[in-house]
Amino acid sequence: MNRHAGPPDEMKLKRVLREWRGIEPNADFAARVWHRIEAEPAPWRWWPDFVFGLRAALESRTAYAAAAVIVALLWAATLAAPRGPGRGRPPAFAALHGQTLTGAYAGLLMGGNL
Amino acid sequence: MDRRTEEDRGLVERMRAGDEGAFGILLNRYQRPVINFLYRMLGSAEDAHDAAQEVFVRVYRGANRFAYRTARDRFSTWLFQVARNVAIDHLRRRRPEEPLDSASPADLARAVAPGTPATDAAAREIGDRIAAAVAELPEDQRTALVLAEYHDLPNGEIANVMRCSVKSVESRLYRAKRFLRKQLRHLLES
């Protein structure tokens, strides 16, 4: 078939395709939908609705930006903290220090007195 | 944003807040396009009604999954996405169809000749012939063709529904029309 079929060809095909008529909804269509909503239990899901909000955030790249900021902060804190976690620094540095999940846990055990 | 899109946006927000009346309005507004989309995807009025019910149940239950992210987002785009997914599910479950009875090419050509009123039977035959040709298209080409020719959606909107590029839509439409021109040549030559 001609790749460069012109407007008359297009119109002709369009006209023929329109010969396939549509259908009208059944009169009780809406009632049947409501009946189905009431009759069928909602499928059980492992994940709650907020997961979809999370997905939207991922798709909109907001979450990526937030994750990048958090990683940058942790990295900066790691650079800022000299050798041992929190040594000679305010407790926030210890808490943020990259090496110190254990350090932060120990800090919590000590009532925050790092 | 046009008035309809803006109204839909308000209705969707109300629906998400649990307003059943808002869902009822959307249901009445979109039942005809959804049923007709599915009718042309599935080729059966009964299947189309059944599938359309499923579409609206999914929309009702999944309202929280739909989020307006940009000003151009439309409820109808999401609705057609859901309808397409339901159509794909139905097509997967379906057994291979019996071939349709067909009228002779000459009968069909006479029936669509300009100025000749087609009889109901002939018109049905033409519809069946077109339906059979459309049914032979791969699902992606069929979706693009139905949305373009029967719902007058612009290519950009079809691309949003099908989650592909506008170029892909153009390519699918081109291939679908090339196939249909070949299959329906007796009607086109009249």
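Here is how names work: the chains are called A, B, and so on, in the same order as the sequence lines, proteins then strands, and each is numbered from 1.
- Atom CG of D50(B) and atom CZ of R32(A) lie 9.5 Å apart (nearest 0.5 Å).
- Residues forming a side chain to side chain contact (heavy atoms under 4.5 Å, CB included) with N28(B) (at least two apart in sequence, or on another chain): A30(A), Q31(B).
- Shortest non-hydrogen contact noted between R61(B) and I37(A) is NH2-O, 3.0 Å.
- In terms of heavy-atom proximity, I23(A) sits nearest to N36(B) at N-OD1, 2.6 Å.
- From K177(B), atom NZ reaches atom CG of L17(A) across 8.5 Å, with rounding to the nearest 0.5 Å.
- Both the backbone and the side chain of R36(A) have a heavy atom closer than 4.5 Å to some heavy atom of chain B.
- For F23(B), the ring-ring contact (aromatic ring centres under 6.0 Å, His included) partners two or more places apart in sequence, or in a different chain, are W34(A), Y60(B).
- Proximity to chain A involves both the backbone and the side chain of L188(B), based on heavy atoms less than 4.5 angstrom apart.
- Ion pairing of R18(A) with D152(B) is present here, as a side-chain N (NZ or NE/NH1/NH2) and a carboxylate O approach within less than 4.0 Å.
- The contact between A52(B) and chain A is made by backbone and side chain atoms together, counting heavy-atom distances below 4.5 Å.
- Interatomic distance, CG of L13(A) versus CG of L145(B), reported as 7.5 Å (0.5 Å rounding).
- Interface residue V134(B): only side-chain heavy atoms are found under 4.5 Å from chain A.
- With rounding to the nearest 0.5 angstrom, the CZ atom of R21(A) is 11.0 Å from the OH atom of Y39(B).
- Comment: R124(B) does not engage E19(A) in a salt bridge, judged by the lack of any side-chain N to carboxylate O separation of less than 4.0 angstrom.
- At distances below 3.5 Å, at least one donor-acceptor pair connects side-chain atoms of H49(B) with backbone N or O atoms of N26(A).
- Between chain A and the options G127(B), A45(B), A48(B), the largest number of non-hydrogen pairs under 4.5 Å is found for G127(B).
- Here CZ of F29(A) is found 4.0 Å from CD1 of I35(B). Values are rounded to the nearest 0.5 Å.
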